[in-house]
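One-based numbering along the sequence shown.
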Amino acid sequence: MKERVKILRNVENKYVEATILPITPRHIEEIELIWKPQLKHNNCWDQNLDFRTYFQKGESDTKFYVLECNCMTQGVICLTSNYLSMLEPSKNLLYLNLLNVAPWNRLEIQDPPDFKGVGTTLTTFAVIHSINFGFQGRIGLHSVEKAEKFYEKMHFVNLGHDISYQNLKYLELPKDDAELVVLNYLLLCNLN
């Protein structure tokens, strides 16, 4: 499964085609060998994340995808389909385990970043995946502090700190807001 998407190349201020596809060993090597040294050099929150082990421990209901542009991994996402909503306890949702963008796409590392919209595009991909699973776009996640504002701009509801999960904030995207995320993305892609 491959999905074509668009992301903004900042240098040209132009939207370019990219692809979201299942992760492969090549992507894992790229993340370990190219991303990690830059993450460590810039003292990023995810500098010590053992990506290789993380990707290999996935369960059957967990899927990893990358956003690729110019034959380079620009972002990675991990989704798990076996979770219940806290906003609507009887409803299922898609849990977003991990969302990372390449170091060169992070404003705090490189200004301007090579590409803009990688995280938004991957999150929108997760919403569409949730819709396809019959979860009506519902997404849940635990967020590192640095990313909380990103998710709140996308209308995720902050449900407070979860002491059972490193005291990170738990956020959910309700189904009504999920539809807006997808519509905004489609509108943006069709205008450019």
Side-chain angles (χ1 to χ4, degrees), residues 1-58 62-80 94-130 132 139 141-151 153-154 181-182 184-192:
M1 181 204 74
K2 291 183 179 182
E3 185 170 325
R4 293 195 180 275
V5 293
K6 290 185 181 181
I7 54 175
L8 181 68
R9 183 191 310 269
N10 275 322
V11 173
E12 300 165 1
N13 195 28
K14 176 179 158 187
Y15 280 86
V16 295
E17 292 231 346
T19 306
I20 297 176
L21 64 156
I23 198 164
T24 67
R26 178 185 66 82
H27 298 116
I28 296 169
E29 286 297 314
E30 198 175 298
I31 291 167
E32 285 292 329
L33 298 175
I34 300 172
W35 288 28
K36 279 196 76 168
Q38 292 182 47
L39 296 174
K40 285 183 189 249
H41 177 75
N42 290 284
N43 200 28
C44 295
W45 69 269
D46 51 351
Q47 66 180 322
N48 294 318
L49 185 60
D50 184 352
F51 288 98
R52 188 181 316 274
T53 301
Y54 193 87
F55 296 140
Q56 291 171 347
K57 74 174 185 177
T62 299
K63 305 289 184 218
F64 296 93
Y65 299 93
V66 295
L67 188 151
E68 192 176 81
C69 187
N70 296 339
C71 298
M72 286 288 291
T73 305
Q74 305 297 332
V76 62
I77 192 168
C78 174
L79 305 170
T80 303
L94 194 62
Y95 184 77
L96 199 160
N97 289 303
L98 176 74
L99 175 65
N100 282 66
V101 299
W104 50 87
N105 295 325
R106 299 180 188 193
L107 186 59
E108 67 271 14
I109 294 176
Q110 183 173 308
D111 189 8
D114 284 357
F115 294 99
K116 187 174 180 190
V118 174
T120 302
T121 302
L122 285 167
T123 304
T124 304
F125 171 79
V127 172
I128 293 168
H129 227 59
S130 172
N132 291 340
I139 302 283
L141 61 92
H142 287 87
S143 178
V144 294
E145 186 176 343
K146 192 167 212 128
E148 289 170 7
K149 287 184 178 148
F150 166 78
Y151 292 114
K153 278 195 250 178
M154 292 188 80
V181 167
V182 173
N184 283 336
Y185 179 76
L186 292 173
L187 180 63
L188 182 71
C189 285
N190 288 318
L191 289 177
N192 296 295

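Exactly one of Gln74, Lys2, Arg26 qualifies for a side chain to side chain donor-acceptor pair (under 3.5 Å) with Glu68. That residue is Arg26.
A donor-acceptor pair is defined here as one N or O able to donate and one able to accept, closer than 3.5 Å; no such pair exists between the side chain of Lys63 and the backbone of Ile23. Between the side chain of Ser130 and the backbone N or O of Ala126 there is no donor-acceptor pair closer than 3.5 Å. Judged purely by atom type and a 3.5 angstrom limit, Asn105 uses its side chain to pair as donor or acceptor with the backbone of Phe115. With Gln38 contributing its side chain and Pro103 its backbone, the two residues share no donor-acceptor pair below 3.5 Å.
Within the model, atoms CD of Glu30 and OG1 of Thr24 stand 8.5 Å from one another, a figure rounded to the nearest 0.5 Å. Atom CG of residue Leu98 and atom CG of residue Leu96 lie 7.5 Å apart, to the nearest 0.5 angstrom. Rounding to the nearest 0.5 Å gives a distance of 10.0 Å between CE of Met72 and NE2 of His27. Here Phe64 contributes atom CZ and Ile77 contributes atom CD1; the two are 11.0 Å apart, rounded to the nearest 0.5 Å. Within the model, atoms CG of Leu99 and CG of Leu122 stand 5.5 Å from one another, a figure rounded to the nearest 0.5 Å. Here the straight-line distance linking atom CH2 of Trp35 with atom CG of Asn100 works out to 6.0 Å at 0.5 Å rounding.
Between Gly75 and Val118 the shortest heavy-atom distance is CA-CG1, 3.8 Å. Tyr151 approaches Leu141 most closely through the heavy-atom pair CE2-CD2, 3.5 Å. Between Leu79 and Asn97 the shortest heavy-atom distance is C-ND2, 4.0 Å. The nearest pair of heavy atoms linking Leu8 to Asn13 is CD1-C, 3.7 Å.
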task: Go through the steps for Met154 and Thr124 under the test side chain to side chain contact (heavy atoms under 4.5 Å, CB included), then give the verdict.
output: CA-CA 10 Å; Met154 292 188 80; Thr124 304; 4.3 Å; yes
- request: Step by step, work out the side chain to side chain contact (heavy atoms under 4.5 Å, CB included) result for Tyr65 and His129.
  value: CA-CA 11 Å; Tyr65 299 93; His129 227 59; 3.2 Å; yes
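Counting heavy-atom neighbours within 6.0 Å of Glu145 CD, excluding the residue itself, gives a total of 12 or less.
Under the side chain to side chain donor-acceptor pair (under 3.5 Å) criterion, Asn10 pairs with no residue at all, not counting sequence neighbours.
Counting heavy atoms from C-beta outward, Thr121 and Ile20 have side chains that approach closer than 4.5 Å. Thr123 places none of its side-chain heavy atoms less than 4.5 Å from the side chain of Val181.
Defined by atom type and a distance below 3.5 Å, a donor-acceptor pair is present between the side-chain atoms of Asn43 and Gln47.
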